[in-house]
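Written below as structure tokens is the structure these notes are about.
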Amino acid sequence: MENEIRRKPRILCLHSFRTSGRILQKMISRWPESVSGELDLVFADAPFPAEGKSDVEGIYDPPYFEWFQTDKEFKEFYNFEECLNYLEDFMLKHGPFDGVLGFSQ
């Protein structure tokens, strides 16, 4: 047991609305190595290109993505089931995962 290699917990990282996995990765790169070095972080991009302005334009470069789409009033939502299918496929391809990290602004 003493010589057993310890596997880092594998964490699926999901970015916020109209950002990207790359942007979340840049944000998390500010974490201390004592934290981030203990985790195997996997960053996913949402399946749909952003259909509107991103709140991070001018701070982070595009492309920006959305997990689902919405009307301009944010009252109706579209492609949510497609997003769940995308995430399931991503998890099967890149997993298994020990946890999920979600970021929202």
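Because the structure is a prediction, the values reported are computed rather than measured. Atoms considered below: every heavy atom in the structure, side chains included; atoms not considered: hydrogens, waters and symmetry mates.
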Transitive ILVMFWY side-chain link Leu92 to Leu12, under 4.5 Å
no

Do Val56 and Arg18 touch side chain to side chain, with heavy atoms closer than 4.5 Å?
no

Taking the side chain as every heavy atom from C-beta outward, state whether Asp98 and Arg7 have any pair of such atoms under 4.5 Å apart.
yes

Looking at Tyr64, is its backbone amide N or carbonyl O close enough to the side chain of Ser54 to form a donor-acceptor pair, meaning the two atoms are under 3.5 Å apart?
no

Quick test of your reading of the model: are Arg6 and Glu38 salt-bridged, counting only N-O distances below 4.0 Å?
yes

Please answer: with hydrophobic residues joined when any side-chain heavy atoms are less than 4.5 Å apart, are Leu39 and Phe103 in the same cluster?
yes

Salt bridge or not for Arg22 and Asp45, using N-O below 4.0 Å?
no

From Ile23 atom CD1 to Met27 atom CE, the distance as rounded to the nearest 0.5 Å
8.5 Å

Taking all non-hydrogen atoms of both residues into account, name the closest pair between Pro63 and Ser20 and its distance.
O-CB, 3.7 Å

Pairwise side-chain contact, Leu24 with Thr19, heavy-atom cut-off 4.5 Å (strictly under):
no

Testing the basics here: between Phe90 and Ala44, what is the closest heavy-atom pair and its distance to 0.1 Å?
CZ-CB, 3.7 Å

Side chains of Phe97 and Ile11: closer than 4.5 Å at any heavy-atom pair?
no

Determine the minimum heavy-atom distance between Asp71 and Tyr78, stating which atoms define it.
N-CE1, 3.8 Å

If every non-hydrogen atom of Ala46 is compared with every non-hydrogen atom of Glu66, which pair is closest and at what distance?
CB-O, 3.0 Å

A side-chain contact here means heavy atoms from C-beta on lying under 4.5 Å apart; do Trp67 and Leu14 qualify?
yes

Quick one, Lys26 with Tyr60, criterion side chain to side chain contact (heavy atoms under 4.5 Å, CB included). Give me CA distance, side-chain angles, the key distance, then yes/no.
CA-CA 9 Å; Lys26 284 183 180 181; Tyr60 294 101; 4.2 Å; yes

Tell me, with the steps shown, if Glu82 and Phe68 meet side chain to side chain contact (heavy atoms under 4.5 Å, CB included).
CA-CA 8 Å; Glu82 289 83 347; Phe68 53 87; over 6 Å; no

Mind checking whether Val42 and Leu101 sit in one hydrophobic cluster, side chains of I, L, V, M, F, W, Y counted as touching below 4.5 Å?
no

Looking at Asp40 and Lys8, does any basic side-chain N land under 4.0 Å from a carboxylate oxygen?
no

Considering all heavy atoms, the nearest Pro47-Cys83 contact
CG-CA, 4.3 Å

Heavy-atom count check: over 12 atoms from other residues, nucleotides or ligands less than 6.0 Å from Phe80 CZ?
no

Among the clusters formed by ILVMFWY side chains lying less than 4.5 Å apart, do Tyr86 and Met91 turn up in the same one?
yes

Would you indicate whether the side-chain heavy atoms of Phe43 and Ile28 approach each other to under 4.5 Å?
yes

What's the verdict on side chain to side chain contact (heavy atoms under 4.5 Å, CB included) for Thr70 and Glu76, showing C-alpha distance, side-chain angles and the deciding distance?
CA-CA 6 Å; Thr70 181; Glu76 292 188 43; 5.7 Å; no

Measuring only between side-chain heavy atoms, which start at C-beta, is Phe65 closer than 4.5 Å to Phe17?
no

What verdict does the side chain to side chain contact (heavy atoms under 4.5 Å, CB included) test give for Leu41 and Gln25, after you've listed the backbone C-alpha separation in whole Å, the side-chain angles of each residue and the deciding distance to 0.1 Å?
CA-CA 9 Å; Leu41 302 173; Gln25 186 174 21; over 6 Å; no

With side chains defined as the heavy atoms from C-beta onward, is the minimum distance between Phe48 and Gln69 less than 4.5 Å?
yes

